[in-house]
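Below is one structure; the comments refer to it alone.
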Amino acid sequence: MTDKTKKSEKKKPATSRKKEKAQQREIEKRNAVMLAFNKYYEEEWGSERWPVLLEALQKPVRHCMMINKYANIQELKTKLEPTLADLTMLDFLRIPCYASKSHSRFPAPSKDSAGVTDYYILDAGSVLATEALDIQPEDHVLDICAAPGGKTLSILQRLDAKYGQLTSNEIASDRRRRLRQVIESYIPANIAADLSTVVGKDGTKYYGEPEQYDKVLLDAPCSSERHVLHDEKEFEIWTPKRTQMNAKRQLALLKAAVHSVRVGGLVLYGTCSISSLENDKVIEKMIKKGKIPVEPVKQKWPVGEKTKYGWIMLPDRTEGWGPLYFALLKRTGASKEEEDSEEEEDE
């Protein structure tokens, strides 16, 4: 054995120890974050429910297929024939959506002979949230944070191509580009030209002219705890401040959404968070401190559970769907700022 060989053998354990220490630090860091995460959400959900909910959140996300009404249904039936026995229609949704009984993966969406994609894969809670907005065929709708596009497509399934109109807003250019690609893939070009508009504005600012829309959907960016639990890098940077910061941004978005809807119109606020700070408490601040008067519209659904102002679907009690929180607000009057300025002019 040469001196060089001896030296190289001596170096290996040192490198290995350094790696082991780095791994140990990573484990300790993750354990500390998990401890803080558990403490925070146990206070939110209680010591009995939280372990059950956490276990459900850590399981693979469940999806359904939302059938595109513009696709060739006969071609779709032929494609899905080998898997039909495993599919079940979700009776709590009005848009045709199917889930796998065995929780198997679906065949990938594909284009029919006319170049229209046949179905979109998403959480059933996302479809239910758009249905809570009660879209009518002739409505003019704003989707204020539209990417990646599942809820946008859900709205487009409900609108009449001749009379309805959807404006989809997304500030990030790359996400806006993907959103356009989704719409182009699922909606025939001649229909999309009249029915759909994509813009890129800052949703936290007042969106365009006030009182433009019959309905506004705000699928607010949120803590998305289920996603965080499945992404190690995201989980490592989680702190309780995350939900506090999100709540401030969400309230700004909600104020803009309410500003954009006509008096008597509806705003659907939704998140995929399990934090009440990002859910009911945002609604509460809007009701109590917002300068535009709104009132919550109470609804009951066959799947999920009631909250103070809205509804939430959680995977431990919905066969894996969610998390998805949503609350419906009705605008009941003019902005208090507008009223104040009118009074000043009269004086």
Side-chain angles (χ1 to χ4, degrees), residues 22-61 123 125-126 129 144-145 147 171-172 175 202-204 218-257 269-290 296 304-318 320-327 329:
Q23 288 173 342
Q24 185 59 36
R25 281 196 298 271
E26 286 296 312
I27 292 168
E28 288 171 0
K29 184 179 178 182
R30 184 175 175 81
N31 287 343
V33 174
M34 181 56 84
L35 193 66
F37 188 86
N38 277 326
K39 184 182 177 184
Y40 187 86
Y41 287 106
E42 188 177 292
E43 287 177 6
E44 175 98 25
W45 293 99
S47 57
E48 285 188 20
R49 180 155 189 198
W50 172 240
V52 181
L53 177 54
L54 176 62
E55 185 182 358
L57 292 168
Q58 289 172 322
K59 288 179 180 177
V61 177
D123 190 304
S126 296
I144 206 166
C145 295
I171 190 172
R175 286 167 63 84
D202 181 353
T204 62
L218 168 54
D219 180 20
C222 68
S223 288
S224 189
E225 292 88 353
R226 189 171 195 174
H227 168 74
V228 168
L229 283 165
H230 289 260
D231 186 321
E232 280 191 25
K233 288 183 179 177
E234 278 287 306
F235 188 74
E236 282 176 4
I237 60 173
W238 180 90
T239 73
K241 285 185 179 178
R242 182 188 184 113
T243 190
Q244 295 162 10
M245 290 171 65
N246 280 332
K248 288 180 181 178
R249 185 184 181 198
Q250 289 155 352
L251 183 59
L253 286 164
L254 183 54
K255 286 177 179 178
Y269 173 82
T271 79
C272 54
S273 175
I274 59 171
S275 169
S276 62
L277 201 63
E278 298 182 48
N279 296 336
D280 270 347
K281 288 181 181 176
V282 170
I283 299 297
E284 188 167 82
K285 284 179 182 176
M286 185 68 224
I287 293 168
K288 292 182 176 179
K289 297 181 180 179
E305 52 201 284
K306 181 184 174 185
T307 69
K308 186 176 181 180
Y309 295 108
W311 198 260
I312 194 164
M313 293 176 67
L314 294 167
D316 61 326
R317 295 187 181 176
T318 60
W321 305 118
L324 202 292
Y325 167 87
F326 57 89
L329 292 176

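Once rounded to the nearest 0.5 Å, the distance linking CD of E44 with CG of L53 reads 10.0 Å. To the nearest 0.5 Å, atom OH of residue Y269 and atom CD1 of residue I144 are 12.0 Å apart. One finds the NE2 atom of H230 at 7.5 Å from the CG atom of L57 (value rounded to the nearest 0.5 Å). From Y41, atom OH reaches atom OG of S223 across 5.0 Å, with rounding to the nearest 0.5 Å. To the nearest 0.5 Å, the span separating CD1 on I237 from NZ on K29 amounts to 8.5 Å.
C222 and S273 make their closest contact through SG-N, 3.7 Å (heavy atoms, listed as atom of the first residue, atom of the second, distance). The heavy-atom pair separating V282 from A247 by the smallest distance is CG2-O, 4.1 Å. Minimum interatomic distance between E284 and Y309 (heavy atoms only, all atoms of both residues): OE2-OH, 2.9 Å. Here the closest heavy-atom approach between residue C272 and residue S224 is recorded as SG-OG, 3.6 Å. The shortest non-hydrogen separation linking R226 to G322 is NH1-O, 2.7 Å. Scanning all heavy atoms of the two residues, the minimum distance from A36 to W238 falls at C-CZ3, 3.8 Å.
Taking the charged nitrogens against the carboxylate oxygens, E234 and R242 do have a contact shorter than 4.0 Å, which makes a salt bridge.
Side chains of Q58 and L54 form a contact here, defined as non-hydrogen atoms less than 4.5 Å apart. With a 4.5 Å cut-off on side-chain heavy atoms, M245 and R249 do not count as touching. Between K306 and W311 the shortest side-chain heavy-atom distance falls below 4.5 Å. In this structure the side chain of L254 reaches within 4.5 angstrom of the side chain of L329, judged on heavy atoms. Proximity of L324 to T318: side-chain heavy atoms (C-beta onward) are nowhere separated by under 4.5 Å. With a 4.5 Å cut-off on side-chain heavy atoms, D280 and I312 do not count as touching. Between L277 and K248, every side-chain heavy-atom pair lies at or beyond the 4.5 Å cut-off. Under the 4.5 Å side-chain criterion, counting only non-hydrogen atoms from C-beta, I171 is not in contact with C145.
Formation of a donor-acceptor pair under 3.5 Å by the E236 side chain with backbone atoms of R30 is not found in this model. Judged by distance alone, with hydrogens and angles left aside, the side-chain atoms of E278 form no donor-acceptor pair with the main-chain N or O of N246 at under 3.5 Å.
The only option from W321, Y325, W45 that meets the side-chain contact (heavy atoms from CB on, under 4.5 Å) definition with L314 turns out to be W45.
With 3.5 Å as the limit, one finds no donor-acceptor pair spanning the side chains of S275 and E225. Between the side chains of T271 and N279, at least one donor-acceptor pair of N or O atoms lies under 3.5 Å.
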Given the rule in the side chain to side chain contact (heavy atoms under 4.5 Å, CB included) test, do K285 and Q250 qualify, once you have shown the distances and angles that lead to the verdict? CA-CA 11 Å; K285 284 179 182 176; Q250 289 155 352; over 6 Å; no
Set out, in order, the CA-CA distance, both residues' side-chain angles and the distance that settles side chain to side chain contact (heavy atoms under 4.5 Å, CB included) for M34 and F235, then state yes or no. CA-CA 8 Å; M34 181 56 84; F235 188 74; 3.8 Å; yes
